[in-house]
Structures are given as structure tokens and as C-alpha cells.
Novice: 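Below you'll find the structure I mean.
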Amino acid sequence: MLEATKGYDQLIINGDLQDSYSVSRFTKYEQVSWEREMAAVDTLLSAFAAQYPDVLLVDGNHDRPRFEKALRSLLPLEMVHVIEYLSGGEFSAIRALIKRKGYGNIRFAPIKVGRHSLAWCAQEGDLIVTHAEKYSRVPGAALRGIEEWLSDQHDIIGLEPWSVLVQAHTHALGMFPWRSGKVLVEQGCMCAVHGYQLDAKVAGRGQRLGYVTLEQVDGVTDLSTVRFHWLDPVLKAA
């Protein structure tokens with residue numbers, strides 16, 4: 001993927017750079033230690049920082065939230081507050097790693113509402129990228145719901161006018177024009193299938209492997225450049 005995107009001056013990781021598999025609530029069919037996973041994350045961050053002048057990281061539900069939810073469910077609140085104090089108010093292993101390595105060209109989703117941070121959402125020019133925890137079996141339904149929520153909340157969040165929405169989380173692919181000249185995109189994913197995705201519940205839509213690229217000039221997206229790049233579908237279960 002890095003070779004295929006040479007020439008681009010920004011990389012956006014739209015959540016779930018890590019899986020936090022070892023603290024997942026799902027039934028585990030594989031053994032993936034926290035140390036092994038973070039070693040892989042470290043390798044990726046090093047490669048990203050070396051190739052792209054600007055790297056933007058959006059929080060996915062598998063990043064900080066998965067670990068923080070597990071922590072809050074297992075420990076008394078006072079112990080959580082102690083850990084929060086010792087860590088400088090941060091439960092993100094990725095942020096700790098980036099700070100330790102001193103990657104100056106890697107940053108995080110900057111939207112704040114009062115004392116709250118919308119780490120799952122970012123705006124770059126007229127592009128909005130989200131890792132909203134919204135899903136639907138109906139193609140496009142999650143995208144429409146997120147677009148409606150953003151439209152209702154744009155004054156609270158402080159969004160500028162936008163034309164492209166790219167949503168992660170669903171692992172599905174979809175792209176279609178929407179009202180007021182907007183384009184809504186489900187970006188697919190870049191991960192193997194886990195065992196819990198193949199159980200007898202037969203839920204959800206099959207994931208599509210790939211990534212999205214687009215081009216902007218002075219923060220304005222050329223809509224004709226928004227495209228999905230397919231990855232080799234041979235990548236199967238982990």
C-alpha cells in the first residue's frame with residue numbers, strides 16, 4: 001500500500017490502527033498478545049512517518065475506546081482515576097508510543113467540543129473522515145445516518161462546509177452522490193477476517209479490502225479523484 005500511494009502528501013488512518021485483540025469482548029479463536037500487536041503498530045507508524053509529511057490518526061473503537069472500556073469495567077472508579085493521573089489523562093497506547101518515539105509529523109483528530117474530544121472525527125478542508133460506531137446491513141444506511149447527525153450537530157462541533165464524507169468501521173464499500181453535491185463513502189478495510197466474524201449468527205455484510213484516495217487543492221476536493229483501490233481478496237481468515 002505504501003508503494004501504491006507514493007506521491008501523496010498526507011495519510012489519514014481512519015481508526016482501528018490497532019485491534020486491542022487481547023482485551024476484546026469477542027470469543028477469541030487466536031492468541032495475539034498485546035506486545036505482539038504493539039510491535040506491529042510500531043512498525044507501521046515508523047513506515048508512515050518516514051513516507052508521508054503529514055499523518056492524521058482518527059480513533060477507532062478498537063483503539064483507545066476498547067482498552068478504556070475494559071479498564072473501566074474491571075476496576076473500581078478510583079483505581080481508574082489513579083491510572084488516568086499517572087498516564088497524564090490518556091488511555092491510548094498509540095499516543096504513548098508516538099510520544100515516546102517523537103514522531104513530529106503524526107497528529108490526532110483535533111475536534112473538541114468544550115472539554116470533550118471527538119477523536120473519532122476529523123475535517124481536512126472539505127473532507128470529513130469518521131469512525132462513528134454506526135452500522136447497518138442496508139448499504140448506505142449508516143452513511144446517511146452519519147451525514148444527518150453531522151448536519152444536525154455541525155454548529156456544535158464547529159464544522160466548516162464539506163462535500164466528502166469517508167466513514168470507516170463498517171468494513172464495507174459504498175460510494176454515492178448525496179444532497180447538495182456531497183459524496184458519501186464507506187472506505188472498506190485492510191484487515192484479515194477474524195474467527196468471530198464467521199460464526200453461525202451470519203450477521204453483517206462481507207468486508208471489502210481496500211482503501212480510498214482523493215486529491216485536494218487548497219482544501220477543495222476534486223470529486224472526480226475520489227476512488228476506491230481494491231486489495232488482493234486472497235487475504236483470508238487470521
Side-chain angles (χ1 to χ4, degrees), residues 1-19 21 30 32 37 40-41 43-48 50-52 54-63 120-122 124-147 162-178 182-199 202-217 221-238:
M1 190 275 287
L2 291 178
E3 290 296 321
T5 56
K6 276 188 174 179
Y8 286 89
D9 56 15
Q10 184 185 47
L11 173 68
I12 299 177
I13 303 297
N14 200 6
D16 290 353
L17 176 60
Q18 67 178 119
D19 186 46
Y21 184 86
E30 302 86 22
V32 182
E37 184 177 332
V41 170
T43 299
L44 286 172
L45 288 173
S46 177
F48 296 157
Q51 177 158 322
Y52 297 96
D54 181 32
V55 180
L56 173 64
L57 295 184
V58 175
D59 266 356
N61 58 300
H62 288 208
D63 297 315
W120 56 269
C121 178
E124 295 289 298
D126 65 356
L127 165 70
I128 291 182
V129 292
T130 62
H131 199 107
E133 293 186 42
K134 190 169 184 61
Y135 182 81
S136 174
R137 289 181 60 104
V138 179
L143 283 170
R144 296 195 303 273
I146 296 165
E147 189 274 340
W162 58 276
S163 60
V164 183
L165 167 67
V166 178
Q167 157 72 359
H169 185 67
T170 65
H171 292 213
L173 167 65
M175 184 183 300
F176 59 92
W178 195 232
K182 293 177 179 176
V183 174
L184 308 184
V185 183
E186 283 179 285
Q187 68 175 54
C189 66
M190 301 179 69
C191 59
V193 175
H194 284 302
Y196 64 79
Q197 294 173 281
L198 302 173
D199 62 25
V202 193
R205 296 150 58 197
Q207 66 180 21
R208 299 290 180 262
L209 301 180
Y211 59 95
V212 172
T213 60
L214 56 86
E215 297 177 13
Q216 287 186 340
V217 176
T221 303
D222 180 351
L223 298 183
S224 66
T225 66
V226 181
R227 61 176 294 225
F228 183 80
H229 300 260
W230 292 88
L231 293 178
D232 189 344
V234 172
L235 184 60
K236 295 185 178 180

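Here, residue 1 is the first one in the sequence, and each next residue gets the next number.
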Novice: Sort out for me which residue in D222, T221, T225, D9 forms a side chain to side chain donor-acceptor pair (under 3.5 Å) with Q216.
Specialist: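 Single side chain to side chain donor-acceptor pair (under 3.5 Å) partner of Q216 among D222, T221, T225, D9: T221.
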Novice: Please confirm whether the backbone N or O of V129 pairs with a side-chain atom of E124, one donor and one acceptor, at under 3.5 Å?
Specialist: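 Not a single qualifying donor-acceptor pair exists.
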Novice: Looking at every non-hydrogen atom in both residues, tell me the closest pair between L231 and G210 and how far apart they are.
Specialist: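 Minimum heavy-atom separation between L231 and G210: CG-CA, 3.8 Å.
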Novice: When rounded to the nearest 0.5 angstrom, what distance separates CG in L11 from OG1 in T213?
Specialist: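 It is 11.5 Å, given to the nearest 0.5 Å.
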Novice: Can any side-chain N or O of D16 pair as donor or acceptor with the backbone N or O of N61 at less than 3.5 Å?
Specialist: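 At least one qualifying donor-acceptor pair exists.
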Novice: Taking all heavy atoms of I146 and all of A132, pick out the closest pair and write down the distance.
Specialist: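 Closest pair (atom of I146, atom of A132, distance): CD1-CB, 3.8 Å.
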Novice: Show the nearest heavy-atom pair for residues E147 and L184, with the distance to one decimal.
Specialist: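 Answer, listing the atom of E147 first, then L184: CG-CD2, 4.1 Å.
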Novice: Using every non-hydrogen atom in the two residues, find where C191 and L209 come nearest and quote the distance to one decimal.
Specialist: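 For C191 versus L209, the nearest heavy atoms are O-CD2, 3.3 Å.
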Novice: Which value, rounded to the nearest 0.5 Å, describes the distance between T170 atom OG1 and Q207 atom CD?
Specialist: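 It is 10.0 Å, given to the nearest 0.5 Å.
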Novice: Measure the spacing between CG of D126 and CG of L214 and express it to the nearest 0.5 Å.
Specialist: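 If I round to the nearest 0.5 Å, the distance is 8.5 Å.
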Novice: Taking all heavy atoms of L45 and all of L57, pick out the closest pair and write down the distance.
Specialist: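 Result for this residue pair: CD2-CD1, 4.2 Å.
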Novice: Measure across C121 and V58 and return the closest heavy-atom pair with its distance rounded to 0.1 Å.
Specialist: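 Minimum heavy-atom separation between C121 and V58: N-CG1, 3.9 Å.
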Novice: Quick one: pull up NZ in K134 and NE2 in H169 and give me the separation to the nearest 0.5 Å.
Specialist: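 Rounded to the nearest 0.5 Å, the NZ-NE2 separation comes to 10.0 Å.
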Novice: Using side-chain heavy atoms (C-beta onward) and a distance below 4.5 Å, is I13 in contact with L44?
Specialist: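 SC-SC contact between I13 and L44 ruled out.
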Novice: Find the distance between OH (Y135) and NE2 (H171) and round it off to the nearest 0.5 Å.
Specialist: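 If we round to the nearest 0.5 Å, Y135:OH and H171:NE2 are 9.5 Å apart.
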Novice: Say you draw a straight line from OH of Y211 to CD of Q187; how long is it, rounded to the nearest 0.5 Å?
Specialist: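 Separation between the atoms: 12.5 Å.
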Novice: Without swapping roles, check the side chain of E186 against the backbone of L143 for a donor-acceptor pair under 3.5 Å.
Specialist: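 No: the side chain of E186 does not pair with the backbone of L143.
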Novice: Sub-3.5 Å donor-acceptor pair from the side chain of N14 to the main-chain atoms of T130, do we have one?
Specialist: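 Yes; at least one donor-acceptor contact below 3.5 Å.
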Novice: Assess whether side-chain contact (heavy atoms from CB on, under 4.5 Å) is satisfied between R208 and W230, documenting all intermediate values.
Specialist: CA-CA 8 Å; R208 299 290 180 262; W230 292 88; 3.8 Å; yes
Novice: With distance as the sole test, does Q18 use its side chain to make a donor-acceptor pair with the main-chain N or O of E37 at under 3.5 Å?
Specialist: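 No.
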Novice: Do the side-chain N and O atoms of H131 and D59 include a donor-acceptor pair separated by under 3.5 angstrom?
Specialist: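 No pair is found: no donor N or O on one side chain lies under 3.5 Å from an acceptor on the other.
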Novice: Could you tell me if the side chain of E133 sits less than 4.5 Å from the side chain of W120, heavy atoms only?
Specialist: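 No. Closest side-chain heavy atoms not under 4.5 Å.
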